[in-house]
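Proteins get letters first, then strands, A, B, ... in listed order; numbering begins at 1 in each.
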Amino acid sequence: MRITVPNFSLKHTLDSGQFFRYRPKGDGYECRERDLAFTVRQKGDYLAFSGTSEEHARQLFGLNQDYEKIIADLKKDKTLLPAINKYHGLRIMQRDLWETIISFQCSIMSNVKKIRLNMNCLATEFGKNNAFPAPGQMNDLERIKKCATGFRAKYILAANELVDEKWLLRLQKMNYEHAREKLMEIPGIAEKVADCICLFSLGHFAAFPVDVWIERIMEKTYFDSKKTKHNDLRAFAQERWGELAGYAQQFLYHHARHNESTQP
DNA sequence: ATCCAGGAATTTT
DNA sequence: AAAATTCATGGA
């Protein structure tokens, strides 16, 4: 299957810390999400993939979004221009909800490389032929710990017990504020992780996750390098970028991690 | 070896 | 209410 995709960068999107089970293969990538395994590659404005449907690819990579309007709005803020211009085509994905929940429980005080290790291991340990285990299938604390999840293992186990398919469907119908609150009922999910799930799976672009990278670049850019509370950073972002705060966050995050001048 | 990583929960001031 | 401490582990 091959489709035309203007204003999209597969590389920037995959490499921006929202998606973890993928690896380069040939001139493209091999991706896994829940029970799907598929390959995808991009040449110019063409996206070629096999192993999944066009509908799924469009949803997963955010290809149905009005990208030109999103970027036009964000470009009104000149402080975002370097990141937007350098990483044009970076999109917010709309990932599988359950796998996203576990991904960002794993993210607590960790790093992207290790989250990838955790997720691949959980799929190997519990899933059938590399599918990610469904809710209810990760019911062994010691085996969860074998995947280097450490103190996060008990959170994953709790989510596995609390969540089922009905729970997931209900969450997908909630607005941002309600979904955020509901997610925080799960052990191991507080503001930041809930915002990541709202942003990368539920399409709530108002969500603004504040991690150490965002904290650094926000304080440096907008707060005269002064230590600022996460809630104040989040309030500032939602005041400044409104319903697109999460999109602004993703450009800032990706730019901070890949730019020498913004390294710690 | 020492320090850090897409923080949350708990305990202590 | 706010600040400090604890929690595990791979990688640099």
field: Integer-rounded Å distance: B/dG7 C1' and A/Phe208 CZ
entry: 16 Å
A/Arg234/A/Glu215 salt bridge by N-O under 4.0 Å criterion: no
Geometric class of the A/Phe151/A/Tyr155 ring pair [parallel <30°, tilted 30-60°, perpendicular >60°]: perpendicular
field: 5' priority, DNA chain B, between A/Ile214 and A/Met184 [closest heavy atom]
entry: A/Ile214
statement: A/Arg116 CZ to C/dG10 C1', in whole Å, measures 14 Å
task: Describe the nucleic acid contact of A/Gln250 in one word from base, sugar-phosphate, nothing, applying a heavy-atom distance below 4.0 Å.
output: base
message: Side-chain N or O of A/Arg216 versus OP1/OP2 of B/dA5: is the shortest distance under 4.0 Å?
response: yes
message: Less than 4.5 Å apart, side chain to side chain, heavy atoms only: is that true for A/Glu191 and A/His230?
response: no
statement: To the nearest angstrom, the CD1-C1' distance between A/Ile115 and B/dG7 comes to 11 Å
task: Provide the distance between the two P atoms, one in C/dG11 and one in B/dA8, to the nearest whole Å.
output: 23 Å
task: Starting from C1' on B/dA5, measure out to CG on A/Asp211 and report it in whole angstrom.
output: 10 Å
- prompt: When we call it a touch if two heavy atoms are under 4.0 Å apart, what does A/Gly17 touch: a base, just sugar-phosphate, or nothing?
  reply: base
query: Given the rule that I, L, V, M, F, W and Y join up when any side-chain heavy atoms are under 4.5 Å apart, are A/Ile92 and A/Tyr22 in one cluster?
result: no
